[in-house]
Amino acid sequence: MSLQGVKLHLVESMEDVFALHEWLGYRREHHALAFDTETTGLIVGRDRVRLAQVGDGVHGWAIPYETWSGLFADIVRRWDGHWIAHNAKFDVGMLDHMGIKMPRPFVRDTRIMTHCLTPHYSTALKNVAARLVDAQAASLQTELKNTEWTWATVPIDYGPYWSYAALDTVLTYRVYEILWPKVQEECPDAFEIENTVSWIIERMERYGAHINLAYAQEKLGAFARYVEESAAWVRATYGISAGANASVIRVLQEAGYEFDKQTASGALALDKEVLGAIDHPLAQTVLQRRQLQKLASTYLGHFTTELDADHLIHPSINVLGARTSRMSMERPNLQNLPRKSDRQPAAETVRNCITARPGNVMMMCDFDQVEMRMLASMANEQSMIRAFKGDIDFFVALARMVYGDESIIKSDVRRQVVKNAGYATIYGAGVEKFSKTAGIPIEQGRAVRARWDELFPDVLRFQRQVQSVAVQRRMNEGIPYVRCPVTQRMQVADAGKEYVLVNFLIQGAAAAVFKKKLIELDNAGLGEWMVVPVHDEIILDVPREEASYVADVLKQTMNDDTMFQVPLSASVSWGDSWGSKEEWK
DNA sequence: GTCGCTTGCCAC
DNA sequence: AAACGTGGCAAGCGAC
């Protein structure tokens with residue numbers, strides 16, 4: 001298939017409008033129409049639509065939005081088939097902001113299709129089209145190179161601009177024709193989940209997270225002051241910059257400290273582990289300064305500068321951010337806000353900044369050990385499944401088995417060791433890494449691991465099975481992959497690293513379960529109050545009078561003993577801010 | 001000035 | 001035989 005014969009149009013006159021309508025009339029007997037937008041930038045809610053395009057496998061039409069917005073709205077109103085777009089959430093969000101409601105249940109995303117079918121390939125439209133439609137697609141312009149123009153200023157009638165924009169709908173449509181049958185055959189559930197979740201996520205992005213601005217500003221000021229003053233002190237005292245690791249190391253070496261830990265590229269490392277072990281005012285100041293700088297720059301800075309008139313921030317969420325099908329988030333990433341810890345008490349201020357809107361309460365619901373449950377279920381490991389069904393804490397139960405000591409309780413250090421062993425299994429860590437994480441001598445680590453394998457033989461069998469299936473497929477089909485038991489979606493490893501597939505399967509299954517639950521929660525009416533998804537946790541900002549209904553739905557939905565051989569369990573907490581820890585009973 | 005690399009660090 | 005996974009983001013620094 002090539003791109004010869006493609007016809008691209010820019011709507012400039014009434015004749016063009018008639019021609020477009022004529023084409024649409026002919027299209028009506030088909031079931032789908034591709035669409036796309038060109039915008040002034042990439043931020044939904046800030047940037048605006050400049051061009052709206054529609055097309056099929058042959059024709060692509062670019063409609064200047066300002067001049068002909070009524071035309072595009074009219075097409076949307078009258079088209080009763082499906083809509084196809086690549087990364088549809090972006091265009092639907094942009095159009096929503098311009099006052100055009102795309103019929104979301106009828107919108108299908110080709111980017112989701114490629115991610116479901118071939119998660120190991122680039123999902124960028126140009127690359128997908130080059131692979132599936134025409135190799136030349138890859139070399140088509142994607143940037144405004146060698147011009148003074150930006151996406152906001154390039155003239156609408158500049159040929160390369162509008163024609164490539166129109167072409168994108170042609171490419172999208174052809175990709176759709178190729179991928180849709182494959183999706184139906186291979187992994188219809190995976191597509192349905194991702195596509196449905198994309199609209200739930202779009203709504204979260206629009207709803208936004210509410211910031212206590214005064215509090216955030218006050219804390220940011222205090223942290224920034226410390227960062228500044230400590231840097232001044234370091235410069236005055238040692239004549240170096242507090243942020244320049246090489247200089248800090250040099251001063252500490254002159255003071256008699258020795259360094260041996262190395263970075264990936266072989267330089268001397270100066271990370272928090274190294275600094276924490278050095279009892280010297282410079283080391284302690286650099287460490288403290290780094291921590292507060294992190295809080296100020298990475299978190300509080302965004303909170304105080306990127307909020308709208310209602311004190312809301314609107315992060316961008318990528319529904320298929322990770323190769324495992326986990327979501328990711330940016331501007332800012334609210335999935336990695338620091339948790340309160342003994343080591344860093346100041347960290348709790350960050351979650352305290354995310355507060356309920358006036359009259360609302362924050363509600364947080366997270367799965368308990370969902371990845372361990374996926375492991376137990378996929379491996380069909382009865383000892384673990386029994387432990388999950390029992391009344392005592394899962395890791396206490398395991399620790400009692402591993403150490404053969406029924407007196408072990410939750411605070412016993414051996415529980416943490418066994419917990420580390422569990423996550424080492426999930427991540428594919430070796431004995432060395434596991435021992436280091438658990439903080440035990442390597443011989444002890446080896447013994448725990450051996451005992452673990454003895455107690456949970458089906459886990460070991462599962463690990464070996466996954467790996468050998470993937471290696472087999474690499475030899476036979478060229479791709480080392482296994483399929484998610486929940487969605488049938490592929491998980492693909494880099495060749496020679498097939499062991500990671502155990503992790504991908506577990507992480508991917510947990511992500512799929514979480515997404516299915518998001519759909520259930522949305523169906524129960526909670527979608528309008530969801531703020532942030534955090535892998536196995538959902539954060540909501542709920543009107544006070546709805547709180548008890550929401551808590552009921554959360555508990556009903558997230559506690560589930562029908563999906564797997566192990567029950568899924570979840571707990572609900574609530575309060576004024578995300579940092580609140582009070583359990584909802 | 002911008003860009004890309006390195007280093008470090010936050011979460012699940 | 002052995003192999004800790006997935007992300008986003010900021011600061012420093014050299015290269016252009």
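A, B, ... follow the sequence lines: proteins, then strands. Residue 1 opens every chain.
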Partner set under side-chain contact (heavy atoms from CB on, under 4.5 Å) for A:Gln262, not counting sequence neighbours: none
A:Asn212 and A:Thr355 side chains, donor-acceptor separation under 3.5 Å: no
May I ask you to say what A:Leu270 touches in the nucleic acid, namely base, sugar-phosphate or nothing, with a heavy-atom cut-off under 4.0 Å? sugar-phosphate
Within residues 513-521 of chain A, find the residues that approach DNA chain B with a heavy atom at under 4.0 Å, and present them sorted by residue number. none
At under 4.0 Å between heavy atoms, what does A:Ala322 touch on the DNA or RNA strands: base, sugar-phosphate, or nothing? sugar-phosphate
Write down the distance between CD (A:Gln507) and C1' (C:dC4), rounded to a whole number of angstrom. 12 Å
List the protein contact pattern of nucleotides 8-16 of chain C with one symbol per nucleotide (5' to 3'): B for base contact, S for sugar-phosphate-only contact, - for none; contact means a heavy-atom distance under 4.0 Å. BSSSSS---
With a non-hydrogen cut-off below 4.0 angstrom, is A:Ala267 in contact with a base, only sugar-phosphate, or nothing? sugar-phosphate
Which residues in residues 479-493 of chain A have a heavy atom closer than 4.0 Å to any atom of DNA chain B? none
List for me each residue that meets salt bridge (charged side-chain N to carboxylate O under 4.0 Å, His left out) alongside A:Glu520, sequence neighbours excluded, and say none if there are none. A:Lys517
Rounding to 0.5 Å, atoms NZ (A:Lys516) and CG (A:Asp189) come to a distance of 6.5 Å
Would you say A:Ser569 and A:Asp368 are linked by a side-chain donor-acceptor pair, where the criterion is simply a distance under 3.5 Å? yes
Residue list, salt bridge (charged side-chain N to carboxylate O under 4.0 Å, His left out) with A:Arg326, at least two apart or on another chain: A:Glu371
So what does A:Ala510 hit on the nucleic acid, given a heavy-atom distance under 4.0 Å: a base, only sugar-phosphate, or nothing? nothing
Supply the atom-to-atom distance A:Asp109 CG to A:Phe191 CZ, rounded to the nearest 0.5 angstrom. 6.5 Å
Of all pairs that satisfy salt bridge (Lys or Arg N to Asp or Glu O under 4.0 Å), the ones with a partner from residues 417-432 of chain A, not counting sequence neighbours: none
Going 5' to 3' along DNA chain B, which are the first and last nucleotides with any atom under 4.0 Å from a heavy atom of chain A? B:dT6 to B:dC12
C:dT6 phosphate, OP1 or OP2: any side-chain N/O from A:Arg323 under 4.0 angstrom? yes
A:Leu460 CG to C:dA3 C1', in whole Å, measures 15 Å
Working for salt bridge (charged side-chain N to carboxylate O under 4.0 Å, His left out), residues A:Glu205 and A:Lys89: CA-CA 10 Å; A:Glu205 292 175 327; A:Lys89 176 165 72 64; 2.8 Å; yes
Tell me what A:Thr437 touches on the nucleic acid: a base, only sugar-phosphate, or nothing, going by heavy atoms under 4.0 Å. base
Do the ring planes of A:Phe367 and A:Phe514 sit parallel (below 30°), tilted (30 to 60°) or perpendicular (above 60°)? perpendicular
Without decimals, in angstroms, what is the distance between A:Tyr427 OH and C:dG7 P? 13 Å
With the threshold set at under 4.0 Å for non-hydrogen atoms, list the residues of residues 497-506 of chain A touching DNA chain C in residue-number order. A:Lys497, A:Tyr499, A:Val500, A:Asn503, A:Phe504
NA contact type, A:Gln463, heavy-atom cut-off 4.0 Å: base, sugar-phosphate, or nothing? nothing
With under 30° as parallel and over 60° as perpendicular, where do the rings of A:Tyr257 and A:His280 fit, or are they tilted in between? perpendicular
Which pairs would a plain distance check flag for residues 267-274 of chain A, meaning a side-chain donor or acceptor within less than 3.5 Å of a matching protein atom at least two apart in sequence or in another chain?
residue  : atom : partner  : partner atom : Å
A:Asp271 : OD1  : A:Glu273 : N            : 3.2
A:Asp271 : OD1  : A:Val274 : N            : 3.0
A:Asp271 : OD2  : A:Lys261 : NZ           : 2.6
A:Glu273 : OE1  : A:Lys261 : NZ           : 2.7

Suppose the criterion is salt bridge (Lys or Arg N to Asp or Glu O under 4.0 Å): which pairs have a residue in residues 446-470 of chain A, not counting sequence neighbours? A:Arg451-A:Glu454, A:Asp458-A:Arg461
Among all residues two or more places apart in sequence or in another chain, which pass the side chain to side chain donor-acceptor pair (under 3.5 Å) test with A:Ser435? none
Give me the ring orientation class for A:Phe456 and A:Trp452: parallel if the planes are under 30° apart, tilted from 30 to 60°, perpendicular past 60°. perpendicular
Say you draw a straight line from CG of A:Leu554 to CH2 of A:Trp574; how long is it, rounded to the nearest 0.5 Å? 13.5 Å
